[in-house]
> 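After the structure tokens below, expect a handful of questions from me.
Indexing begins at 1, ligand by ligand and atom by atom, following the structure's order.
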Amino acid sequence: MLIKNSNKNILIVGGAGYIGSHMSAFLSRIGYTPIVLDDLSTGHRDAVLDAEFIEGSIADSALLDHIFSTRSIAAVMHFASFIQVGESVRLPEKYYQNNVANTLNLLIAMLKHKINKFIFSSTAAVYGEPHYTPIDENHPIKPINPYGCSKNMIEQVLADLMHAYSFQYAVLRYFNAAGADLSGKLCERHDPETHLIPLILQVANGQREDITIYGQDYPTPDGTCVRDYIHVTDLCDAHFKALSMLEAGEKCCIYNLGTGQGYSVKQVIDAAREITGCDISVKQGARREGDPAILVADATRAMRDLKWTPQYSDLKTIIQHAWKTYS
Ligand code: UDP
């Protein structure tokens, strides 16, 4: 039987969203006590399974004061960002308000209450157009849209806080998070859905007529974009390992989270056809603005330092696990 340890209270901001809800369930399974704070702007109340749930926003300083003064929080994990690149171009202020200003508000509250461990969901979008592939952490940082800029700004804030205070942080730059945990109780749900694998599975289960392939003239083997898909459970494991490094005294760490293996849009569709047994109808579309041809991680640093080995991130397993929640 697991014994819950009160020093293991972890505040999960955005814990009702896709990755945050998986993180909360993951921590709960290994004996931590997740506490979820989410304003439900994009999250789902029913995705919070085994955790205390607080409905509210990180923009609310009084609420943060209340949470931090009434609970002994060991660390904060922050998943509550807006993530749509296209929307960030149309509505940049929405992204700077939430992803930057509200996150800064959270960090200020943490400083005030002397909570000094922070795990931040960052993104491959901070690198911008790839200069080489696979992308390691030394690749130039040149985001090309407000979403990537907003994440990079917080990365900079974190570095400065670390220099000024005894503040420890981990920045985890995700490539393409995908899949669902084995419980079958959690899944990827965005509204509107824009991600490739959920959209394909919605075609397979009849919710949608077809999937549009955005561009078939990229300089890749089959002309469609190549991405590095990482299973959400492997992402959670990396967060836990990064937290353990901070607990062991590491001041800061920055890691790419991916597998180093890329799959094209067509390969993903073919794998989904095989797994679901459904003929997934495809339409040819124009390129989507801002999509680089190939985005693949060099995650050697995370694998080495965190002793992290993705367990579930081969494409078939990712799609099988996601399909369980759709079928
Ligand atoms: N994609 C596509 N059709 C769709 C959605 C996505 O062809 O309806 C492509 C997209 O251009 C990209 C890949 O699938 O090359 C993954 O896109 P997604 O939005 O899932 O993640 P992103 O790479 O933008 O983080």
Side-chain angles (χ1 to χ4, degrees), residues 17-19 42 79 81-90 95 99 121-130 133-135 143-152 172-180 187-205 207-232 235 256-273 280-297 299 313 315 318-319 321-323 326:
Y18 168 45
I19 303 172
T42 56
F79 299 91
S81 295
F82 294 138
I83 57 164
Q84 288 182 42
V85 169
E87 184 186 58
S88 82
V89 176
R90 287 195 312 280
Y95 280 69
N99 296 6
S121 302
S122 190
T123 167
V126 298
Y127 297 116
E129 196 61 45
T133 186
I135 296 174
I144 53 170
N145 51 60
Y147 168 62
C149 289
S150 71
K151 291 290 184 177
N152 181 40
L172 302 177
R173 295 179 182 149
Y174 308 165
F175 281 65
N176 285 64
C187 65
E188 185 169 7
R189 270 188 284 172
H190 300 107
D191 188 18
E193 189 53 76
T194 60
H195 290 102
L196 181 65
I197 292 176
L199 287 173
I200 292 172
L201 296 180
Q202 286 178 6
V203 179
N205 78 355
Q207 270 177 270
R208 200 175 276 273
E209 289 275 294
D210 44 49
I211 179 83
T212 301
I213 298 181
Y214 296 144
Q216 296 210 67
D217 55 351
Y218 284 98
T220 58
D222 66 18
T224 66
C225 285
V226 170
R227 294 289 179 272
D228 184 340
Y229 295 90
I230 176 85
H231 193 293
V232 65
L235 275 186
N256 284 344
L257 297 182
T259 64
Q261 168 76 50
Y263 295 98
S264 73
V265 174
K266 279 188 177 162
Q267 284 177 308
V268 176
I269 294 170
D270 285 343
R273 284 188 175 128
I280 293 157
S281 170
V282 164
K283 270 192 185 158
Q284 316 305 335
R287 288 185 177 196
R288 189 172 65 176
E289 207 185 329
D291 266 344
I294 302 177
L295 264 185
V296 174
S313 293
L315 185 60
I318 287 175
I319 296 177
H321 289 185
W323 180 234
Y326 275 83

> Measure the distance from atom 11 (O) of ligand 1 to every protein heavy atom, then report the residue, atom name and distance (to 0.1 Å) of the closest one.
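Protein heavy atom at minimum distance: Asp291 OD2, 2.5 Å.
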> Distance alone, cut at 3.5 Å: any donor-acceptor contact between the side chains of Tyr95 and Glu87?
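Side chains of Tyr95 and Glu87: pair found under 3.5 Å.
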> Do me a favour and list the nearest non-hydrogen protein atom to atom 7 (O) of ligand 1 with residue, atom name and distance?
Tyr214 N, 2.9 Å
> Closest non-hydrogen protein atom to atom 9 (C) of ligand 1, residue and atom name please, with distance?
Val265 CG2, 3.8 Å
> Within ligand 1, which atoms have a heavy atom of His195 less than 4.0 Å away?
18 (P), 19 (O), 20 (O), 21 (O)
> In the protein, which heavy atom is nearest to atom 20 (O) of ligand 1, and how far is it?
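In this structure, atom 20 (O) of ligand 1 has Leu196 N, 2.8 Å as its nearest protein heavy atom.
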> Just which atoms of ligand 1 are under 4.0 Å from any heavy atom in Ile213?
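Those of ligand 1 that fall under 4.0 Å from Ile213 are 7 (O).
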> With rounding to the nearest 0.5 angstrom, report the CG to CG distance, Asp228 to Asn256.
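Nearest 0.5 Å value for the CG-CG distance: 9.0 Å.
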> Within the 4.0 Å heavy-atom shell around Thr194, which atoms of ligand 1 are there?
5 (C), 19 (O)
> As an exercise, state the distance from CZ of Arg287 to OH of Tyr214, rounded to the nearest 0.5 Å.
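So the gap between those two atoms works out to 15.0 Å.
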> Return the residue, atom name and 0.1 Å-rounded distance of the protein heavy atom closest to atom 22 (P) of ligand 1.
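Closest protein heavy atom to atom 22 (P) of ligand 1: Asn176 ND2, 3.4 Å.
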> Working to the nearest 0.5 Å, report the span between CD of Gln84 and OG1 of Thr42.
9.5 Å
> Can you tell me how far OH of Tyr263 sits from CG of Asp222, rounded to the nearest 0.5 angstrom?
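Interatomic distance, Asp222 CG to Tyr263 OH, rounded to 0.5 Å: 13.5 Å.
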> Out of curiosity, Tyr218 OH to Ser264 OG, how far, rounded to the nearest 0.5 Å?
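Going from OH on Tyr218 over to OG on Ser264, the span is 12.5 Å.
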> Could you check atom 8 (O) of ligand 1 against the protein and tell me its nearest heavy-atom contact, residue, atom and distance included?
Leu199 CD1, 3.3 Å
> Could you measure the distance from the CD1 atom of Ile83 to the OG atom of Ser88? Nearest 0.5 Å is fine.
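It comes to 11.0 Å.
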> Would you check whether Tyr229 reaches within less than 4.0 Å of ligand 1, judged by its heavy atoms?
yes
> Ignoring hydrogens, what is the shortest heavy-atom contact between Ser313 and Ile318? Give both atom names and the distance.
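Shortest heavy-atom separation between Ser313 and Ile318 comes out as O-CD1, 3.7 Å.
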> So which protein heavy atom does atom 24 (O) of ligand 1 come closest to, and at what separation?
Arg288 NH2, 2.7 Å
> Kindly give the heavy-atom pair with the smallest separation between Ile197 and Tyr229, and that separation in Å.
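For Ile197 versus Tyr229, the nearest heavy atoms are CD1-CD2, 3.9 Å.
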> Would Thr212 count as being in polar contact with ligand 1, using the rule that some N or O on each side must be under 3.5 angstrom apart?
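Between Thr212 and ligand 1 (N or O atoms, distance only) the closest approach is under 3.5 Å.
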> Starting from atom 15 (O) of ligand 1, locate the nearest protein heavy atom and write down its residue, its atom name and how far away it is, to 0.1 Å.
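Protein heavy atom with the smallest distance to atom 15 (O) of ligand 1: Cys225 CB, 3.0 Å.
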